[in-house]
Amino acid sequence: MEFIWEGISTAFRLIISLDREVFEIVIFTLYIGLIGILISSLMGIPIGLFLFQKKFPGRQFFLVILNTLMALPTVVVGLTLFSILSKKGPLGNLGLLFSPGAIILGQVLLVTPLITGISFNAFQSIDKRAIWTAKSLGANGFQVSLIILKEAKSMLLLSVVAGFGRVISEVGAAMMLGGNIKGYTRTITTAIALETGKGNFSLGIALGIILMFLAFLVNSFLTNLQKQRY
């Protein structure tokens, strides 16, 4: 138990002293996480809106695939993209493997189905009378889409926040695609795995505390959002 308490006290000293290495890792994690969630939101919400508004052959099968992808394991995403981006892969000439771009690509592949699925369910739950009224007043397709987005805005925001929570806490894809390179592709989760393996519990615990704090902020936001909605 002694090494645990020593690790915790050292971790708080690293945080309070604004240790450069710790905060470089945190800032990098937030940076790529925000880019990843922005791209995923710009893709996932419009796809969810399309699935809600359009009826086409195979739509039900597509929804089953979408629900399956929402629980996609991170190591599967990492393995798939690794094989594509490696030198022998079809996109190996891009040189993306072991770069921040590869991690962001993995995050987008991981989170876009989640945001699409939650967005689709959000659109399904809105009050349809607003849509019928808009159509009866002669609103065009674009105007109707704006009304749908406005009606579902709370749930859409929830989907984005939930996606961000998954982005900053995933480790499998970031480890395989980023390579955990110090000062370049090291995220909070990959750094925790590395430092724990090296026996450097202080840095691992400090990063773990910061990750838990970020998760707490995300969950607090979600809770307040749900209170406002209901």
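Sequence positions, counted from 1, serve as the residue numbers for this chain. Remember, predicted model here, so these are calculated numbers, not experimental data.
Ring orientation note: the planes of F56 and F62 are nearly perpendicular, at an angle over 60° on the 30°/60° scale.
Note on E170 versus R166: no salt bridge recorded, every NZ/NE/NH1/NH2 to OD/OE distance being 4.0 Å or above.
Two residues are said to be in side-chain contact when any heavy atoms from C-beta on lie closer than 4.5 Å; F61 and I65 meet this criterion. In this structure, L81 and L96 have side chains that are not in contact, with every pair of non-hydrogen atoms separated by 4.5 Å or more. The shortest distance between side-chain heavy atoms of L214 and I188 falls below 4.5 Å. No side-chain heavy atom of L66 sits less than 4.5 Å from a side-chain heavy atom of I47. For the pair T185 and I32, the minimum side-chain heavy-atom distance is 4.5 Å or more. Between V144 and Q53, some side-chain heavy-atom pair lies under the 4.5 Å cut-off.
Under the 4.5 Å side-chain heavy-atom criterion for ILVMFWY residues, a single connected hydrophobic cluster contains both I126 and L51.
Between F82 and L177, the shortest heavy-atom distance links the atoms N-CD2, 3.6 Å. Of all heavy-atom pairs spanning P113 and V108, the tightest one is CD-O, 4.3 Å. Heavy-atom minimum distance, A122 versus M155: CB-CB, 3.3 Å. Residue S83 comes nearest to P90 through the heavy atom pair O-CD, 4.1 Å, listed as atom of the first residue, atom of the second, then distance. Considering all non-hydrogen atoms of both residues, F98 and M176 come closest at CE2-O, 3.4 Å. Closest non-hydrogen pair, G204 versus I192, comes out as O-CG1, 3.7 Å.
A 6.0 Å sphere centred on CZ of F213 holds no more than 12 heavy atoms belonging to other residues, nucleotides or ligands. Summarising the local packing, NZ of K128 is surrounded by more than 12 heavy atoms from other residues, nucleotides or ligands at distances under 6.0 Å. No more than 12 heavy atoms of other residues, nucleotides or ligands lie within 6.0 Å of CE in M43, so this atom counts as exposed by the packing criterion.
Considering OG1 of T74 and CG of L109, their distance stands at 11.5 Å, rounded to 0.5 Å. Atoms OG and CZ, from S145 and F123 in turn, are 9.0 Å apart once rounded to the nearest 0.5 Å.
Not one N or O on the side chain of E24 forms a donor-acceptor pair closer than 3.5 Å with the backbone of E21. Under a 3.5 Å cut-off, the side chain of S159 and the backbone N or O of L156 do form a donor-acceptor pair. Judged by distance alone, with hydrogens and angles left aside, the side-chain atoms of R186 form a donor-acceptor pair with the main-chain N or O of N180 at under 3.5 Å.
Every residue meeting the side chain to side chain contact (heavy atoms under 4.5 Å, CB included) condition with L72, not counting sequence neighbours, appears here in chain and number order: L69, V76, V77.
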